[in-house]
There are 2 protein chains.
Amino acid sequence: MKALPTPQGNELGTVTIYDVAALAGVGIATVSRAMNGSAPVADATRARVLAAVEELGFRPSHAGTSLAARTHAANGIVFPDLSGPYYAEVLLGYEETASRLGRSVLVLATHGRPDPDAAVRDLAGRVDGMVVLGRTVADEVIASLAGLPVVVVARPELGDVDSVRTDGLTSARALGEHLAGHGLRHIALLGSPEESPDVAERFLGIREGLGAHGIEPTETPCLFDEASGTRVAATLLEGRRRPDALVCANDEIALGAIVAAEGAGLRVGHDIAITGWDDVMAARHARPALTTVRQPMRALGSLAAEVLDERITATRTTPRHELLATDLVVRDSCGLHP
Amino acid sequence: MKALPTPQGNELGTVTIYDVAALAGVGIATVSRAMNGSAPVADATRARVLAAVEELGFRPSHAGTSLAARTHAANGIVFPDLSGPYYAEVLLGYEETASRLGRSVLVLATHGRPDPDAAVRDLAGRVDGMVVLGRTVADEVIASLAGLPVVVVARPELGDVDSVRTDGLTSARALGEHLAGHGLRHIALLGSPEESPDVAERFLGIREGLGAHGIEPTETPCLFDEASGTRVAATLLEGRRRPDALVCANDEIALGAIVAAEGAGLRVGHDIAITGWDDVMAARHARPALTTVRQPMRALGSLAAEVLDERITATRTTPRHELLATDLVVRDSCGLHP
DNA sequence: TCGCCACATGAAAGCGCTTCCTACGCCGCA
DNA sequence: TGCGGCGTAGGAAGCGCTTTCATGTGGCGA
């Protein structure tokens, strides 16, 4: 590390706007104006101020700014959990757009936290608005944030609260139809719709698609991870009346189910169909490749940031509800397509 | 949405500590003490204050707190990019530990940003310390943050700056040895070591492992994504002197390379060996499953948060450099292991 | 019964910034 | 020559909180 000029400043080592003003021989108001361009400053003065800023290595304290300007220039995003590719992509889109709009991003993962509601309230005191994913916090908590702009993502609409969702229904119907077209009849749905409104919607659509062909699927609760998928699928495959299709609530369950099916000596895509949801990277690389539904996750995050910004800047005052299209991605795990 | 009691407060709709104090019939100092437990408060008084807080829905303004207390209770984390499973896991571990330590997390993705250095400086004004991943920011910028605790992750040590890394060298040597043991001789390294010190370390270790058997691998630059892996691998496989092993800098390149190999009619694990690095979910599910190296990503993030906290709280004042072990995960893509 | 001390509480001073309001030159016009 | 106006800059108030310092009250020992 190269030797550094120790920045001057008060005894605490922090440089304040007063130090800059003193060095430049101007008032603090002028420093503020020169740095933010909030009012005209003579060129020569500005140059002197900026030189002083540079010399002292002045970094404005965000707390001071935010207190005076009554804004945080920051957005929050609340996740249930950050594991899995789904949320990371949403976050990426969110961060990208938020920062383009001049806002920092604070993340909060509620998973495994003793008091998620308190954490959300604390977050609320640090941001100008926040995005909440799924059922991470109770409706009451969101309501208690009254006044703070909130956008919910992947959660059913909640009164006047803005929302951004993906349209699972259409693709789910298409998936149901597609499976029926393969001649599959004993269809098992794996997942816990009560845990997630999105999953409930998927299952509903699939039931509709299958129902058009007179097929009534069964439903088995399953946590949304791979190990659970393997376990639940193994149980189903051992039972009497083995299903000929396992329709899973997400890709992780489906990938786990593939493991179970192979363990049971079944050829996925021949002896049994398995489908997922999300189109994670592993879905493409699994053999057979997984039939699934692609969601525009990055766009979801990005759009949420935009919708939130409109509220924060009060560009819009009426609720906005967005629905993003999804794509059914047919691969080989649901049966061969010659 | 249920009807809500509109919180009282000033004309801006925000409730301040003054409103609470007025309602409870105490001074603002007492409200502060009652809420933070920073000094004894009579039980009856505390109860009255807390009731007022509840009634008004008071949420302390973080800016006020942080200005007065001279602390942000927040940490930053700077990523090159958030895509891919690698960073999401690190972030998860970081967020978990940081929040256990009572700190919020601000994320910054430098990828595709016009002025990353300015963004990092801005971040520096909002946090008590930050973690920087890889080569996202120039050494000078880190240095210019003098005074602000910084921990670098997956980046070579930088003077007195704390660091947390994974030990790629040991596993890389083991991988080299393993490949040599398979009888492979024409080995191609795919990746751009100059882009990432971690990758440079991997390649060095692999060269050492192979060198022990008198093998000198070739090296081909490649971006760290799947499409690049496919493209570069395809070119190599078409050339004269086709390599019999493609050792890739990460799993995504390797998964792309598998696609190329299969496209060229080669059986991966028989006609050609392919290995990755990271052990992403898709590595496990690819067929053949990918030989790779597992990195403790979650632990990496968590440890970084701890190391940073020690600096922020000044529990420790001497540099700390941590090295986490990695595991070679041998699967079938590097050759069959009967 | 008196005085002292510990405890509980309030007043007020900042923390570092933005911004309103005022003041000062200086120019141009009458 | 005198006055209004504009461009520029400074003083000072205040954002919402923590914390120090001073004050008041009750209980205790003498």
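Every value quoted in this text rests on a predicted model; they were computed, and no experiment measured them. Within every chain, numbering begins at 1; the chains are lettered A, B, ... in the order of the sequence lines, protein sequences first and strands thereafter.
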Open item on the list: Let's see if you can work this out: which of D/dC17, D/dA12, C/dC15 has an atom nearest to the side-chain heavy atoms of A/Ile28?
Closed with: D/dA12
Task: A/His62 NE2 - C/dT18 P separation (whole Å) - done: 11 Å
Open item on the list: Over all strands shown, is B/Gly25 touching base, sugar-phosphate only, or nothing at heavy-atom distances under 4.0 angstrom?
Closed with: sugar-phosphate
Open item on the list: In whole Å, I'd like the distance from the CZ atom of B/Arg126 to the P atom of C/dC17.
Closed with: 14 Å
Open item on the list: Under 4.0 Å, counting only non-hydrogen atoms across every strand here, what does B/Ala63 touch: a base, just sugar-phosphate, or nothing?
Closed with: nothing
- [ ] Would you classify A/Ser32 as touching base, sugar-phosphate or nothing, given that sugar-phosphate means primed atoms plus P, OP1 and OP2, and contacts are heavy atoms under 4.0 Å?
- [x] base
TODO: Side chain of A/Ile17 only, please: which of D/dT18, C/dC17, C/dT19 is the nearest?
DONE: C/dC17
Task: A/Asn36 CG - C/dT18 C1' separation (whole Å) - done: 8 Å
TODO: Send over the distance from A/Arg70 CZ to D/dA13 C1', rounded to a whole Å.
DONE: 12 Å
Open item on the list: If you assign each of B/Ala68 and B/Val26 to its closest nucleotide in DNA chain C, which residue comes earlier from the 5' end?
Closed with: B/Val26
Task: From D/dG16, C/dT9, D/dT19, nucleotide with atom closest to B/Thr30 side chain - done: C/dT9
Open item on the list: Taking only side-chain N and O atoms of B/Ser61, does any of them lie within less than 4.0 angstrom of OP1 or OP2 on D/dC15?
Closed with: no
Task: B/Arg59 CZ - D/dG16 C1' separation (whole Å) - done: 14 Å
Task: Sidechain-backbone polar pair: A/Ser61 side chain, A/Gly64 backbone, donor-acceptor under 3.5 Å - done: yes
- [ ] Check whether the side chain of B/Arg33 and the base of C/dG10 form a donor-acceptor pair under 3.5 Å.
- [x] yes
TODO: Could you verify whether a donor N or O on one side chain and an acceptor N or O on the other, from A/Arg155 and A/Ser163, lie under 3.5 Å apart?
DONE: no
Open item on the list: Check whether B/His72 reaches the backbone of B/Gly125 with its side chain - one donor and one acceptor, N or O, closer than 3.5 Å.
Closed with: yes
Open item on the list: We want to know whether B/Gln295 and B/Thr166 form a side-chain donor-acceptor pair, criterion being a heavy-atom distance below 3.5 angstrom.
Closed with: yes
Open item on the list: Measuring from the side chain of B/Tyr18 (C-beta onward, heavy atoms only), which nucleotide among D/dG11, D/dC17, D/dC15 has the closest atom?
Closed with: D/dC17
TODO: Check the distance between D/dG10's P and A/Arg46's CZ and give it to me in whole angstrom.
DONE: 14 Å
Open item on the list: When you measure from the side-chain N and O atoms of A/Thr45 to the phosphate of D/dA9, is any distance below 4.0 Å, counting only OP1 and OP2?
Closed with: yes
TODO: Remember a base hit wins even if backbone is also touched, and classify B/Gly64 as base, sugar-phosphate or nothing at under 4.0 Å, heavy atoms.
DONE: base
- [ ] Return the nearest nucleotide to the side chain of B/Val41; candidates are C/dG10, C/dT9, C/dC17.
- [x] C/dT9
- [ ] Starting from P on C/dC17, measure out to NE2 on A/His72 and report it in whole angstrom.
- [x] 16 Å
- [ ] Say whether, by atom type as modelled, one donor and one acceptor occur between the side chain of B/Ser302 and the main chain of B/Ala299 under 3.5 angstrom.
- [x] no
- [ ] Measure from the side chain of B/Leu67, starting at C-beta and using heavy atoms only, and say which of C/dC15, D/dC17, C/dA11 lies closest.
- [x] C/dC15
Task: Donor-acceptor under 3.5 Å (B/Arg48 side chain, B/Ala24 main chain) - done: yes
Open item on the list: Whole angstroms only, please: what is the CE-C1' distance between B/Met35 and D/dT19?
Closed with: 17 Å
TODO: Name the nucleic acid region contacted by B/Ser66, choosing base, sugar-phosphate or nothing; use a 4.0 angstrom heavy-atom cut-off, strictly under.
DONE: nothing
